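Notes follow the structure.
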Amino acid sequence: MHAGKRSVAAWVLAGPALLVIAVFFALPVIAGLALSLTDFDLYALADLSTLRFVGLQNYARLLQTPLFWQAFGNTLYFVVVGVPVSIGLSLAAALLLSARVARWHGFFRTALFAPVVTTVVAVAVIWRYLLHTRYGLINQALAGIGIDPVNWLGDPHWSMPAIILFSAWKNFGYNMIILLAALQAVPRDLYEAARVDGAGPLRQFTDMTVPILMPTLVMVGIMTTTGYFQLFAEPYVMTQGGPLRSTVSVLYFMYEEGFRWWNLGNASAVAFLLFIVIFGVSKLLLRFDRDPEGRT
Amino acid sequence: MGREAEVVAQLLPAFHARHPNVQVRVQQLPWTAAHEKLLTAYAGNSLPDLCQLGNTWLPEFAALDALEPLDDRVAAAGIPRDDYYAGILDTNLMPAATGAGTRLLGLPWYVDTRLLFYRTDLLRAAGHTRAPQTWAEWREAMQAIKQRGDARNFGALLPLNEPDPLFAFALQQGPLLNADDTRGAFSQPAFRRALDFYAGIFRDGLAPAMNDTQISNVWDEFGRGLFAFYVTGPWNIGEFRRRLPASAQGSWATAPLPGPDGPGVSTAGGSSLVLFKGSPRKEAAWQLIAYLSETETMQRFHALTGDLPPRRSAWRSPTLANDVPSQAFAQQLERVRAAPKIPEWERIFQEMQLTAERVVHRTQTAEAACVQLNAWVDALLEKRRWLRERHA
């Protein structure tokens, strides 16, 4: 086929998708960027002539706002603790499910995946009961082993761990399925060969399973990290950012700026700062995907 | 919104009987989501015809020019303005766009203010026969109660996440904003006196530095005598009756909020009924507002919800006139003062409390906190100053 014709065909085929991306992604992003350079607020909503172009002032002011940094710190805490916990849980569950001695695979796979397909808001309400200081099942279980009740959602030191616990429980099933698929792709005879060579279960795990899973782990890590940076629904439903603003995430902060105080200019600036952070962190994580010989 | 939206349906049959042609659809919103929802509805041009609006939200919707002035309709319907508590009605009066006079943008539906709930037995045991009326008397009473109890007892409960008590003390001292509401007055001596009094209660161990979420059940603790004074609002009259043990029922009372030198002003809260400018059915919507604003309807509404009516005539119903705890509210309502009427107020209000929290937890001195708060408020109000200059 002629090269020109081929490129026309490519454009025609890709066109609808590109159009959708342009209208529903590129345009809003550009509009958001433009908005972040203005002081769009309640007054501008009432009378557009009061809108002012402020350049990078929104960004400069945000970087001097203590609450923004607190929100950033809270989000970082959530990501740094939450991602390893969540992936660790997924990996453990995947290993258990792929073990030969395991029974009732189908049942456990479904049961462990179930939290992923539930609605955050609905299960968050249930978790609020579980975490209740006085009547919650979690504190009652802790009392059974002699631990004093923890004020999970009321104590600023425990609120974030509670949110992490909830998120890890909610999300680990998704990564578990992906890791399980990767594990099942590993030929069984490889493990047999290793066993013949005298490798114990631990060696098999560290020297075979982990390297084989590495590309999948990196992919899962990037997806989970970017997802966790966008923490919002959990604190919105469970704590409204409290106590003492200990569960205000960057996205929650953005939501308050935008829809509580109606400073859409500021809120857009927050969104772009978060985008830059997520972009940078993802880039950094991609480096782990290179093996020692330098092949990608 | 909230409980009121459930109850209003029970008031509607009588309205339908009188206005068979008007259909009413009530939509319930939870308080936590209502504010965003209404602002988004404004942006999306899908506001209802009329609505219940927290009176601190009125300035925002006034700034958006979304509310229909009610002055003429109120006059034509013969609703006597001076029957409303002046401080409460004032929260609905916004400066006219032309600069001269005011416009009435909402009609108060029910009121909310804060005052003292206290344990009469503990106060008497500490040697005080009547509720304190001044800050000094109050402090003294709290100290006496604290000295009598054991180390874990307190004089008062002022939950650290509630800005209203400090706000009331500040209102008693003077205005919170300056220069036609374009500058903060938080570094002025007036606010400082209020903050010092407030923080002093915590510093001297007379109140626990706690959020209300940290006290699992305030009524249990009040019944147990963990604290003797509690600054809170009218809904707690019903809650105290329902939740306090029978043994404690005879030993609590309410009293107007003490002031620096005699009974002081308190906050003018509550909800108003507003008519939106964009409504195509203003006449019908107004008929509903007028019906809900009648003395008799307000009395029935009070019977259903316990919400206190904003019209003095509605207080003549025997259930209110003979209800001792409510009477303190009747007195307090004669002394309430409106919050600054600017859209930014709610945010300043929250920031003020976060600042006070830092002072109470001693992570910042009162001096530094006031200066910082005032600078923050001045920065926030920059746009108002710019708008003012532009119009001038």
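Since the model is a prediction, treat every value here as computed from it, not as a measurement. A, B, ... follow the sequence lines: proteins, then strands. Residue 1 opens every chain.
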Specify the closest pair of heavy atoms between [X] and [Y], including all atoms of both residues, with the distance to one decimal.
X: B:E60; Y: A:L42; value: CG-CD2, 3.5 Å
X: B:L64; Y: A:L45; value: CD2-CD2, 3.8 Å
X: B:A63; Y: A:A46; value: O-CB, 3.2 Å

What part of [X] is in contact with chain A, defined as an atom under 4.5 angstrom from a non-hydrogen atom: side chain, backbone, both or neither?
X: B:W386; result: side chain
X: B:E346; result: both
X: B:L39; result: both
X: B:Q350; result: side chain

field: Part of residues 252-263 of chain A lying next to chain B, heavy-atom separation under 4.5 Å
entry: A:Y255, A:E257, A:F259, A:R260, A:W261, A:W262, A:N263
Take a 6.0 Å sphere around [atom1] of [X] and say whether it holds more than 12 heavy atoms from other residues, nucleotides or ligands.
X: B:R362; atom1: CZ; answer: no
X: A:Y174; atom1: OH; answer: no
X: A:H157; atom1: NE2; answer: no
X: B:E6; atom1: CD; answer: yes
X: B:K282; atom1: NZ; answer: yes

- prompt: Checking A:T239 against chain B: side chain, backbone, both or neither under 4.5 Å from a heavy atom?
  reply: neither
field: Contact origin within A:Y236 toward chain B - heavy atom pairs under 4.5 Å
entry: side chain
query: Quick check: does any side chain N or O of B:K383 sit under 3.5 Å from a backbone N or O of A:T50, one acting as donor and the other as acceptor?
result: yes
Pair A:R245 + B:E357, salt bridge at N-O below 4.0 Å: no
